[in-house]
Amino acid sequence: MTDIDLLITGGTIVDGTGAPGRPGTLAVSGARIRLLDAIPESPAPGRTIDATGKVVAPGFIDLHSHSGLMILADPRHEPKVRQGITTEVIGVDGNSYAPFPDHGDLEAFAWLNSGLDGEPGREGITLDWDTVASYLGRFDRQVSPNIAYLIGNSALRIAAVGWDDEPASDGARAQMRTFLKEGMDEGAFGLSTGLDYPPGCYATTDELADLTREAGRSGGIYHSHVRYSLGDRFLDPFREAIEIGRRGEAPAHITHFYHRQTFPGTPDQMLGLVDVARATGQDVTFDAYPAEWASTRLLILIPTWVQAGGPAKTKERLADRTTRERIRKDLEERGVLFAGAGGLRSIRIGYLQRPENLRWEGKTMGELIDEAGTDPIDTLCDLLLAENLAVNEVTTGPHIDGIRRFLRHPIGMVGTDSTFVGAKPSPRTYGSFPRILGQFVRDEALLSLEEAIRRMTSAPAARLGLRDRGTIRDGAIADLVVFDPETVRSNATYEEPRRFPDGIEHVIVNGELVVDGGVHTGRTPGRALRHGRD
């Protein structure tokens with residue numbers, strides 16, 4: 001047994017398929033798993049882990065992460081690997097960073113999106129790529145987890161249409177399809193949209209179906225943050241996502257599927273749309289995050305017409321007094337200015353850059369408004385201008401009943417929707433997967449351990465088309481997690497969100513120990529996975 005690099009003995013193997021856990025011995029040879037009938041008589045020359053009383057599972061796959069830049073600034077990526085995540089999907093919400101044939105557009109887009117993904121200059125990130133291939137090359141064996149990349153339609157629109165709210169001509173559509181196909185050939189897993197975020201939100205349903213068809217031809221998926229401003233603002237956004245998948249003849253995946261208590265209908269109505277579509281033979285899936293706190297860039301409050309033309313034009317409009325009155329009217333109609341939970345005053349400021357403003361990180365907009373003594377709209381616009389638009393917000397999000405209903409649904413998967421900027425991000429960044437294993441599996445018995453792990457491993461691997469990850473079987477890639485089912489839990493809270501979980505003891509990526517005894521080893525064996533090749 002001289003070719004064993006790592007031996008894991010005594011644990012319960014939960015293989016990711018949903019099958020009952022079983023005792024077993026597992027070896028890692030190179031980057032591959034070997035299942036053994038018994039512990040070798042002679043000691044393995046490599047490391048042995050005694051997993052007695054522990055669960056050995058495939059590494060978890062996160063279907064939604066805002067780490068496309070921040071992981072380059074912090075390659076160890078501890079908030080994710082410390083909760084057992086070995087692969088995460090980036091390029092989500094239409095907000096991806098390739099392809100960008102014009103470097104000035106890439107810099108402007110990173111500026112626009114810095115409230116979500118961090119300001120590159122401040123974080124020490126050099127924007128030195130233009131294609132999907134050159135971007136993916138920044139990750140191979142330079143970060144701890146694997147990444148799977150989606151091409152955002154905002155990048156496609158900027159390259160072919162520009163930053164304005166205008167229809168895409170036939171020529172522009174053809175150009176977007178060409179960029180998308182090239183990116184798919186270079187390893188992307190599909191198309192993403194964030195239909196609350198300019199300029200991607202300016203795309204029509206027909207345009208998105210056209211792009212989805214192109215992604216589908218290459219085996220990709222349509223991964224959508226839906227258009228929450230559409231129609232009845234409750235079910236119509238999800239109807240559009242399903243329709244885009246149907247017309248584009250590609251799998252439709254609705255990301256961060258969630259229900260707020262303020263919504264006019266129920267979680268079951270949302271699930272009913274998915275069930276009806278699947279009953280007709282359409283491939284529709286979703287992920288949800290298990291946290292009551294949402295987070296995004298503060299710019300999401302600003303009407304999309306203000307943001308037409310890109311970040312420089314946005315700043316010009318925010319400074320204009322007449323425009324501010326139009327913004328006020330828009331936010332009043334949307335109900336953003338009410339005083340209760342979920343209103344402007346209750347929003348927590350999640351990320352700021354200027355040293356004189358840092359004391360407001362973790363405080364609410366209401367506290368800032370009161371101290372500034374200015375009108376709420378003026379305070380909002382002035383803050384965005386002072387911070388060069390790079391402000392993050394943390395707000396109330398899904399309610400707990402909706403979380404439970406979505407996690408119970410047989411096709412529900414997990415995406416953390418994690419953000420990495422600011423002192424107090426949403427707790428979902430540090431604790432999503434351990435919360436499921438601790439609270440919802442062990443404490444509430446909402447679903448079995450085997451079924452929960454299937455949702456975190458083989459189901460998302462199948463959604464992405466990953467052939468050798470997501471299950472424990474002989475010859476599969478050794479992405480693994482060893483955890484204690486009795487102690488695993490999330491420690492991240494609203495007040496203290498940057499706390500690592502308990503119970504995640506060992507994490508292995510591509511055969512290498514990244515977390516050992518609950519401590520990061522400093523290794524960066526992660527890869528940019530390439531669709532059709534991994």
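Residue numbers start at 1 and run along the sequence shown.
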Please determine whether a side-chain nitrogen of the Lys or Arg among [X] and [Y] lies less than 4.0 Å from a carboxylate oxygen of the Asp or Glu.
X    : Y    : answer
R122 : E387 : no
K329 : E332 : no
K80  : D74  : no
E371 : R359 : yes
D401 : R404 : no
R321 : D378 : yes
R345 : D370 : yes
D375 : R328 : yes
D140 : R530 : yes

**OP:** Take the angle between the ring planes of H259 and H399 and call it parallel below 30°, perpendicular above 60°, tilted in between.
**Re:**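 Plane angle over 60°, so perpendicular.
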Original post:
Should the ring pair F60 and F433 be called parallel, tilted or perpendicular, given that the plane angle runs from 0 to 90° and is split at 30 and 60?
Top reply: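 F60 vs F433 ring planes: parallel.
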Kindly state whether the ring of [X] and the ring of [Y] have centres lying under 6.0 angstrom apart.
X    : Y    : answer
H64  : H66  : yes
F189 : H223 : no
F139 : Y135 : yes

Original post:
Can the positive tip of R138 be found less than 6.0 Å from the middle of the six-membered ring of Y97, inside 45° of the ring normal?
Top reply: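 Cation-pi check for R138 and Y97: fails.
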Original post:
Is there any ring-ring contact (aromatic ring centres under 6.0 Å, His included) pair reaching into residues 354-380, and which pairs are they, with sequence neighbours excluded?
Top reply: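 Checked against ring-ring contact (aromatic ring centres under 6.0 Å, His included) - neighbours excluded - no pair reaches residues 354-380.
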Subject >> By ring-ring contact (aromatic ring centres under 6.0 Å, His included) - contacts of H77 (at least two apart) >> reply: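 So H77 forms a ring-ring contact (aromatic ring centres under 6.0 Å, His included) with F420.
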Original post:
How many angstroms lie between NZ in K181 and CD1 in I151, if you round to the nearest 0.5 Å?
Top reply: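 The distance works out to 11.5 Å.
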**OP:** Would you give the length of the straight line joining atom CE of M456 to atom OG1 of T86, rounded to the nearest 0.5 angstrom?
**Re:**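 M456 CE to T86 OG1: 12.0 Å, rounded to 0.5 Å.
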